[in-house]
J.: 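Here you go, one structure.
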Amino acid sequence: MPTTISDYIKKCQYVNSQMLDEQERIVLKNENRIVSLNVDTMQDGIGSDDKILQNSNPIFKGVYSLSTQLLDPKKVAGTPYNFFQTGDFLSNMQVDLQPNLTKFDIFSTGTGSGDKALFFSGYNNLFGLTNDKEYIVNYEIILPSLLEFIHKYL
């Protein structure tokens with residue numbers, strides 16, 4: 001039996017009604033990859049705004065001190081903080097979709113309390129994606145999967 005225009009309209013309506021839910025599924029399925037894009041940028045000492053990561057709290061200089069290196073030789077004096085040795089920070093990074101399902105936030109439940117929380121609160125560009133990483137998410141992760149979903153029904 002041939003497909004009618006009415007059938008295509010119904011299919012289009014279905015795809016349209018499911019688009020945001022499908023986008024949510026794609027983002028959650030790729031959460032680790034998306035978080036990894038944020039972490040990679042952090043490791044390069046760059047923030048979500050494409051600027052150098054700098055802690056606004058004057059207690060934290062943004063680079064390891066000689067005294068820190070003496071306590072832990074892996075933390076070489078003068079090199080930027082690498083965030084690997086701050087407990088559960090990196091392993092607890094997550095993606096949280098906003099209610100409209102068109103945007104997401106990246107955060108960590110491992111920012112701790114006390115001095116550790118004070119340290120992380122000093123960064124205003126730690127979480128999020130740079131423009132080039134946003135491009136990767138939108139055009140290399142979400143779009144191909146969305147097109148696959150659309151082609152499945154149309």
Side-chain angles (χ1 to χ4, degrees), residues 14-153:
Y14 173 76
V15 167
N16 190 41
S17 71
Q18 296 301 307
M19 193 70 70
L20 289 177
D21 291 337
E22 185 64 16
Q23 184 169 292
E24 176 183 27
R25 186 192 66 73
I26 295 164
V27 168
L28 294 177
K29 178 182 175 189
N30 290 282
E31 179 176 22
N32 290 340
R33 188 171 171 199
I34 294 168
V35 165
S36 180
L37 291 171
N38 190 172
V39 172
D40 291 347
T41 305
M42 260 188 253
Q43 295 308 302
D44 292 337
I46 304 296
S48 59
D49 55 1
D50 279 313
K51 295 180 182 171
I52 293 174
L53 281 175
Q54 288 189 313
N55 198 308
S56 62
N57 188 323
I59 298 171
F60 306 105
K61 305 292 184 220
V63 295
Y64 294 118
S65 66
L66 181 57
S67 59
T68 301
Q69 180 178 340
L70 293 173
L71 294 170
D72 185 347
K74 294 177 192 170
K75 298 177 178 181
V76 179
T79 61
Y81 300 141
N82 67 16
F83 303 100
F84 275 117
Q85 298 182 9
T86 53
D88 296 327
F89 173 69
L90 290 178
S91 63
N92 285 307
M93 287 186 66
Q94 301 173 25
V95 169
D96 182 36
L97 279 146
Q98 293 182 6
N100 65 9
L101 303 179
T102 62
K103 296 179 182 178
F104 60 80
D105 299 305
I106 300 174
F107 69 99
S108 176
T109 59
T111 54
S113 59
D115 287 344
K116 186 176 178 182
L118 190 62
F119 169 77
F120 283 111
S121 70
Y123 288 98
N124 62 4
N125 62 346
L126 191 60
F127 297 109
L129 301 174
T130 59
N131 290 336
D132 61 326
K133 303 294 184 184
E134 284 180 2
Y135 182 90
I136 291 169
V137 169
N138 288 325
Y139 295 100
E140 295 178 20
I141 297 175
I142 295 174
L143 181 61
S145 295
L146 266 182
L147 289 174
E148 190 176 306
F149 168 75
I150 291 167
H151 290 134
K152 179 178 175 181
Y153 294 100

J.: Any side-chain to backbone donor/acceptor pair from Gln23 onto Leu101? Under 3.5 Å, distance only.
T.: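 Yes.
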
J.: Should the pair Phe119 and Phe60 be assigned to parallel (<30°), tilted (30 to 60°) or perpendicular (>60°) ring geometry?
T.: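 Judged by the thresholds at 30° and 60°, the geometry between Phe119 and Phe60 is perpendicular.
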
J.: Please answer whether the main-chain N or O of Gly122 pairs with a side-chain N or O of Ser56 as donor and acceptor at a distance below 3.5 Å.
T.: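 Present.
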
J.: Please check this pair: side chain of Asn38 against backbone of Leu126, looking for a donor-acceptor N/O pair closer than 3.5 Å.
T.: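 Yes.
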
J.: So, Thr79 side chain and Lys75 main chain: donor-acceptor pair closer than 3.5 Å or not?
T.: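 No: the side chain of Thr79 does not pair with the backbone of Lys75.
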
J.: Within a radius of less than 6.0 Å around CD of Gln54, do more than 12 heavy atoms belonging to other residues, nucleotides or ligands occur?
T.: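 No.
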
J.: Can a donor-acceptor pair be found, under 3.5 Å and without considering hydrogens, that links the side chain of Glu31 to the backbone of Val95?
T.: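 Between the backbone of Val95 and the side chain of Glu31 there is a qualifying donor-acceptor contact (under 3.5 Å).
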
J.: As an exercise, state the distance from CG of Leu53 to CD of Gln43, rounded to the nearest 0.5 Å.
T.: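 Those atoms lie 9.5 Å apart.
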
J.: Determine yes or no for a side-chain-to-main-chain donor-acceptor pair under 3.5 angstrom, with Lys116 supplying the side chain and Gly110 the backbone.
T.: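 Judged by distance alone, yes, a pair lies under 3.5 Å.
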
J.: For the pair Tyr81 and Tyr64, name the ring-plane relationship: parallel under 30°, tilted 30 to 60°, perpendicular over 60°.
T.: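 Rings of Tyr81 and Tyr64: perpendicular, as their planes differ by over 60°.
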
J.: Is the shortest heavy-atom distance from the side chain of Gln18 to the side chain of Phe149 under 4.5 Å?
T.: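 Yes. Closest side-chain heavy atoms under 4.5 Å.
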
J.: Under 3.5 Å, side chain of Gln69 to main-chain N/O of Ala77, donor-acceptor pair present?
T.: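 Indeed, once roles are kept as given, a pair shorter than 3.5 Å links the two residues.
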
